[in-house]
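What follows is a short report on a single structure.
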Amino acid sequence: MSSAANRGVVFRGKGEVAVESIDFPELALGNRLCQHGVILKVITTNICGSDQHMVRGRTTAPTGMVLGHEITGQVIECGRDVEFVHEGDMVSVPFNVACGRCRNCRRGDTHICLNVNPERPGGAYGYVDMGGWVGGQAEYVMVPYADFQLLVFPDKDQAMEKILDLTMLSDIFPTGYHGCVTAGVQPGSTVYIAGAGPVGLAAACSAQLLGAACVIVGDLNPKRLDQAKSFGCETIDLRQDASMSELIESVLGVPEVDAAVDAVGFEANCHGHNHSQEAPATVLNATMEITQAGGRVGIPGLYVTEDPGASSEEAQHGNLSMKFGLGWAKAMSFHTGQTPAMRYQRQLMQAILHEKVHIGDAVNVTPISLDQAPQGYADFDSGVAKKFVIDPHGVLG
């Protein structure tokens with residue numbers, strides 16, 4: 001099987017990706033066999049906003065990386081030690097690579113596994129500084145620790161019927177949901193979601209699933225705000241010259257929310273007449289301003305330790321000008337870090353299968369072929385209100 005063909009989306013430097021022939025995956029970790037792994041035929045794999053950070057040159061990602069960490073596939077080969085996942089199973093792959101054996105994995109913190117990245121806690125497929133794992137924007141990919149990691153869909157035909165929703169389980173849906181859970185969203189909450197990109201839209205949908213009374217989404221892009229409106233969110237256009245408190249008050253009648261979610265991250269811009277100017281701590285400072293005293297901010301938006309494209313030397317090394325004293329004075333809590341996707345996958349799968357949520361509609365899922373991936377990256381970066389899903393084998397028609 002190792003002689004079979006494979007193609008993937010490869011990072012070729014700032015602003016450039018290409019679909020190229022790549023090695024067919026093997027059940028191996030370096031020079032040793034990986035008998036606890038499986039090889040997947042990729043059914044769907046999504047373009048993530050986090051991928052765009054690398055392609056824009058805002059990370060230290062090396063050229064030649066195979067991109068992609070949002071993977072749904074069908075098992076075509078199992079290692080000898082795989083007991084509970086079988087050939088033919090359709091599965092969702094959590095974007096975190098996790099061993100299931102270390103102390104962090106044992107307590108459910110699979111996003112900071114201690115054994116899958118020699119540089120620091122936490123691993124991911126096809127992402128800079130996350131362990132060198134080959135990405136899944138490809139026709140085939142290898143997944144280690146399969147019994148622990150993979151979520152098997154209970155019925156393959158049903159899974160294909162709902163594949164454009166289920167493909168969101170690998171990252172974006174759990175990430176948006178995690179942002180809301182860590183922000184303390186509950187029935188009756190008023191919630192501010194910063195950013196109407198795919199993660200922000202997934203967070204808004206998650207807030208509704210959790211019973212929020214009012215979900216407000218802020219963004220600079222009218223098309224993305226229209227997408228948020230399409231499933232019942234209130235919106236605020238951050239190009240307006242008004243304070244964040246005034247904008248929130250225009251919706252709620254009071255200048256604060258119960259909970260806030262930063263779904264933007266370090267490539268944030270100012271709001272108001274300076275909205276074209278980058279200011280990486282803008283969202284963090286805004287959420288401190290508008291969240292109730294004693295409230296919480298969930299931060300699924302990505303922040304990096306090295307940003308070679310930042311406008312200031314401080315920001316290039318991840319040092320941001322936060323109004324931390326404000327957050328301290330208001331006794332606020334901030335929850336950072338990548339999402340432990342496995343913590344939420346099964347519950348969110350059930351919500352999809354039982355028609356409790358339509359996440360694909362919320363994020364405006366749009367299928368493309370593998371060969372269309374470079375154009376998908378360009379379109380995504382232009383600010384379209386779509387979540388691109390790559391269909392490597394043409395199974396979606």
Side-chain angles (χ1 to χ4, degrees), residues 49-50 53 58 175-176 178-180 182-185 189-197 199-200 203-204 207 215-221 224-225 228 234-252 254-307 309-338:
S50 297
H53 295 309
R58 300 300 296 266
T175 294
H178 180 66
C180 290
T182 56
V185 177
S189 294
T190 57
V191 185
Y192 175 64
I193 308 293
V199 170
V215 181
I216 305 170
V217 180
D219 202 283
L220 301 165
N221 184 323
R224 289 182 169 181
L225 292 175
E234 300 289 338
T235 62
I236 52 177
D237 188 333
L238 298 179
R239 296 174 298 175
Q240 300 176 75
D241 273 323
S243 71
M244 284 299 302
S245 296
E246 290 169 337
L247 293 172
I248 294 297
E249 187 170 15
S250 70
V251 176
L252 294 177
V254 293
E256 67 179 19
V257 292
D258 297 327
V261 177
D262 173 2
V264 177
F266 73 105
E267 286 195 66
N269 279 25
C270 297
H271 70 272
H273 66 277
N274 291 325
H275 66 266
S276 62
Q277 180 179 335
E278 190 169 291
T282 294
V283 175
L284 297 172
N285 291 330
T287 54
M288 282 189 275
E289 176 189 344
I290 63 170
T291 303
Q292 64 171 328
R296 290 191 262 167
V297 180
I299 310 175
L302 177 66
Y303 289 86
V304 295
T305 56
E306 298 294 331
D307 175 10
S311 57
S312 72
E313 185 175 353
E314 287 294 300
Q316 288 175 12
H317 301 290
N319 300 322
L320 309 183
S321 298
M322 286 179 62
K323 297 179 180 177
F324 192 73
L326 174 60
W328 191 94
K330 293 178 70 173
M332 296 180 65
S333 299
F334 306 91
H335 197 102
T336 66
Q338 295 191 10

Could you measure the distance from the [atom1] atom of [X] to the [atom2] atom of [Y]? Nearest 0.5 Å is fine.
{"X": "Thr182", "Y": "Arg296", "atom1": "OG1", "atom2": "CZ", "value": "7.5 Å"}
{"X": "Arg239", "Y": "Asn269", "atom1": "CZ", "atom2": "CG", "value": "12.5 Å"}
{"X": "Asn274", "Y": "Asp241", "atom1": "CG", "atom2": "CG", "value": "8.0 Å"}
{"X": "Asp258", "Y": "Thr190", "atom1": "CG", "atom2": "OG1", "value": "3.5 Å"}
{"X": "Thr235", "Y": "Arg224", "atom1": "OG1", "atom2": "CZ", "value": "14.5 Å"}
{"X": "Ile299", "Y": "Thr287", "atom1": "CD1", "atom2": "OG1", "value": "6.5 Å"}

Provide the closest heavy-atom pair for [X] versus [Y] in the form atom of the first, atom of the second, distance.
{"X": "Ala259", "Y": "Val185", "answer": "CB-CG2, 4.0 Å"}
{"X": "Ala260", "Y": "Ala183", "answer": "O-CB, 3.3 Å"}
{"X": "Ile193", "Y": "Val215", "answer": "CG1-CG1, 3.9 Å"}
{"X": "Phe266", "Y": "Pro280", "answer": "O-CB, 3.2 Å"}
{"X": "Pro300", "Y": "Thr175", "answer": "CB-CG2, 3.6 Å"}
{"X": "Ala279", "Y": "Cys270", "answer": "CB-SG, 3.6 Å"}

Problem set entry | Heavy atoms of other groups near Phe324 CZ, more than 12 under 6.0 Å | no
Evaluate the side-chain proximity of [Y] to [X]: yes if any heavy-atom separation is below 4.5 Å, no if none is.
{"X": "Gln292", "Y": "Val257", "value": "no"}
{"X": "Thr282", "Y": "Val264", "value": "no"}
{"X": "Leu247", "Y": "Tyr192", "value": "no"}

Polar side-chain atom of [X] near backbone of [Y] as donor-acceptor pair, under 3.5 Å:
{"X": "Asn285", "Y": "Lys323", "result": "yes"}
{"X": "Ser245", "Y": "Ile290", "result": "no"}
{"X": "His271", "Y": "Ala242", "result": "yes"}

For this session: Please identify each residue that fulfils salt bridge (charged side-chain N to carboxylate O under 4.0 Å, His left out) with Glu267, with sequence neighbours left out.
Result: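 Per chain and number, Glu267 pairs via salt bridge (charged side-chain N to carboxylate O under 4.0 Å, His left out) with Arg56, Arg58.
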Exercise. Between Val304 and His53, is a side chain to side chain contact (heavy atoms under 4.5 Å, CB included) present by the stated rule, with each step listed?
Worked result: CA-CA 10 Å; Val304 295; His53 295 309; over 6 Å; no
Exercise. What residues, two or more places apart in sequence or in another chain, satisfy side-chain contact (heavy atoms from CB on, under 4.5 Å) together with Glu306?
Worked result: Thr60, His317
Under 3.5 Å, which donor-acceptor pairs do the side chains of residues 329-338 form with other protein atoms, sequence neighbours left out?
from: Lys330; atom 1: NZ; to: Met288; atom 2: O; distance (Å): 2.8
from: Lys330; atom 1: NZ; to: Glu289; atom 2: O; distance (Å): 3.2
from: Lys330; atom 1: NZ; to: Thr291; atom 2: O; distance (Å): 2.6

